[in-house]
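Below, all heavy atoms of this structure are taken into account, side chains as well, without hydrogens, waters or symmetry copies. Just so it is clear: chains get the letters A, B, ... in the order the sequence lines come, proteins before strands, and each one is counted from 1.
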Amino acid sequence: MPTLTDPNLWPDLYGDALYRHALFRLRDPMAAEEMVQETFLAALQGRDRFAGNSAEKTWLIGILKHKIIDHLRKTIRERPHNEASQPFDEMEESCFDDSGHWQIKVGRWSNPDNALDNEQFWRTLNDCVSRLPPRMATLFILREIDGLESEAICQEMALSSTNNLWTMLSRMRLRLRQCLELNWFGDGAK
Amino acid sequence: MLNCKQTTDLISHSLEHTLTLRQQLGLKLHLLMCHLCRNYAHQLRFLHRIAPSLNAHIEAQHEQTLSATAKAKIRAKIKDHPH
């Protein structure tokens, strides 16, 4: 029988790690806290099922992942409208003129790979994700972080077609690129 | 002839699925002539390539922590839980 540490110690041992994981995915401190709490209580309930073939922390993260997916599904279904089906997107409007040509400067980024060693760059990218509309931020997580396939994302996000998904992805990437241009790579950012 | 907006959509779509021959041709032709969309294409591929490392970087920065109040609240819940 594998042994677990005293559950009273869990918040101090694993609270921060679980919280960071949840916050990264949900971008909502209140919800992230709630997920951590639910994870510990579910773990307490299912303590007998801890097989001991993974570390205690890995086991808890596994439970947390399920809690987060359930939470995302719930919030996605509660949000009334479907952004992908909107014909106009304010970012698109501001980037292109009526004939669909750029009306902003799309500058060249010199040696973008140099930014990868700079932790401040990752913070900037993370802030840009947080500034996306909530559904687009969720889309970023499911597609770019988890690498889910189109069909799976449509299902999770209750999107009716892959065309809607691809439109939303394109708009999301337009925003992210723009945010990084303004805050990191562009002439004005230095 | 594709405009820039349609081209940026195709660039994004090309990260999701194989484009039709017609789309590929239209994209190539536009990129040959438009340096703004060429920049855009490089940048989108760059973002798509590096994005999967974002969570590891952010979670390793250890900047965000669960507040002491939240920890105390959760500890109390654990204590109350019948076990």
Side-chain angles (χ1 to χ4, degrees), chain A residues 7-8 10-12 15-21 23-25 29 32-33 36-37 40-41 44-45 47 92 95-96 99-102 105-109 112-113 115-116 119 122-123 125-126 129 140-141 143-147 150 162 165-167 169-174 176-177 180-181 185, chain B residues 1-17 19 30 33-83:
Chain A
N8 292 302
W10 287 352
D12 286 325
D16 290 340
L18 295 189
Y19 178 69
R20 277 193 281 272
H21 183 86
L23 190 62
F24 180 81
R25 303 184 60 94
E33 252 180 60
V36 175
Q37 177 172 312
F40 287 143
L41 296 182
L44 215 47
Q45 199 96 46
R47 254 191 311 179
E92 275 181 1
C95 287
F96 302 103
S99 61
H101 289 97
W102 290 110
K105 185 176 158 268
V106 185
R108 227 180 130 254
W109 295 354
D113 278 304
L116 303 182
E119 285 310 307
W122 294 100
R123 252 175 245 144
L125 176 57
N126 196 49
V129 175
F140 174 86
I141 299 289
R143 178 65 190 100
E144 310 285 19
I145 302 295
D146 295 348
S150 299
T162 46
L165 170 68
W166 294 335
T167 303
L169 278 169
S170 183
R171 288 172 177 176
M172 182 270 282
R173 289 169 174 146
L174 182 71
L176 268 192
R177 193 219 73 91
L180 278 184
E181 167 95 29
F185 290 109
Chain B
M1 188 60 207
L2 296 173
N3 65 30
C4 297
K5 186 181 171 315
Q6 293 164 328
T7 302
T8 59
D9 282 336
L10 280 188
I11 293 166
S12 175
H13 291 192
S14 74
L15 302 173
E16 303 306 313
H17 60 97
L19 301 180
H30 184 103
M33 300 184 317
C34 176
H35 73 285
L36 297 182
C37 285
R38 272 203 302 278
N39 288 345
Y40 189 85
H42 281 133
Q43 292 159 5
L44 235 54
R45 284 185 207 123
F46 167 76
L47 283 177
H48 185 67
R49 171 166 60 85
I50 64 147
S53 322
L54 178 63
N55 58 338
H57 280 274
I58 296 305
E59 288 176 40
Q61 284 176 0
H62 288 213
E63 273 166 6
Q64 292 120 347
T65 53
L66 195 57
S67 70
T69 335
K71 277 181 189 155
K73 201 180 109 202
I74 294 173
R75 245 194 316 271
K77 290 260 183 196
I78 290 175
K79 226 173 227 133
D80 288 347
H81 197 274
H83 49 279

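Heavy-atom pairs under 4.5 Å with chain A were tallied for E63(B), H57(B), Q6(B); the largest tally goes to H57(B). For the set I58(B), L2(B), I11(B), the entry with the most heavy-atom pairs within less than 4.5 Å of chain A is I58(B). The choice from K77(B), Q61(B), H13(B) that makes the most heavy-atom pairs within less than 4.5 Å of chain A is Q61(B). In terms of heavy-atom pairs under 4.5 angstrom with chain A, the leader among H42(B), Q64(B), Q43(B) is Q43(B).
Contact of D113(A) with chain B is made through backbone and side chain together, with heavy-atom distances under 4.5 Å. Contacts of L47(B) with chain A are made by side-chain atoms alone, with heavy-atom separations under 4.5 Å and no backbone atom involved. In this structure, chain A has a heavy atom under 4.5 Å from the side chain of F46(B), while its backbone stays farther away. Heavy-atom distances place the side chain of L23(A), and not its backbone, under 4.5 Å from chain B. T7(B) does not touch chain A: none of its heavy atoms, backbone or side chain, sits under 4.5 Å away. Contacts of H62(B) with chain A are made by both backbone and side-chain atoms, with heavy-atom separations under 4.5 Å. Residue S150(A) touches chain B through its side chain alone, counting heavy-atom pairs closer than 4.5 Å. Using a 4.5 Å cut-off between heavy atoms, L10(B) does not touch chain A at all. Only the side chain of R143(A) comes within less than 4.5 Å of a heavy atom of chain B; its backbone N, CA, C and O stay farther away. Proximity to chain B (any heavy atom under 4.5 Å) is shown, for L174(A), by both the backbone and the side chain. In this structure, chain A has a heavy atom under 4.5 Å from the side chain of L44(B), while its backbone stays farther away. If you measure heavy-atom distances from R49(B) to chain A, the contacts under 4.5 Å come from the side chain alone.
In the displayed structure, H17(B) atom NE2 is contacted under 6.0 Å by more than 12 heavy atoms of other residues, nucleotides or ligands.
Remark: L66(B) CG to Q37(A) CD distance equals 10.0 Å, nearest 0.5 Å.
Under a 4.0 Å N-O distance rule, the pair E181(A)/R177(A) qualifies as a salt bridge. Contact check on R20(A) versus D16(A) returns no salt bridge, with no Lys/Arg side-chain nitrogen under 4.0 Å from an Asp/Glu carboxylate oxygen.
None of L41(A), V36(A), D12(A) except one satisfies the side-chain contact (heavy atoms from CB on, under 4.5 Å) rule with I74(B); the exception is V36(A).
A distance-only check finds a donor-acceptor pair linking the side chain of W122(A) to the backbone of L116(A) [under 3.5 Å].
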> Taking it one step at a time, do S12(B) and H48(B) satisfy side chain to side chain contact (heavy atoms under 4.5 Å, CB included)?
Replying inline: CA-CA 9 Å; S12(B) 175; H48(B) 185 67; over 6 Å; no
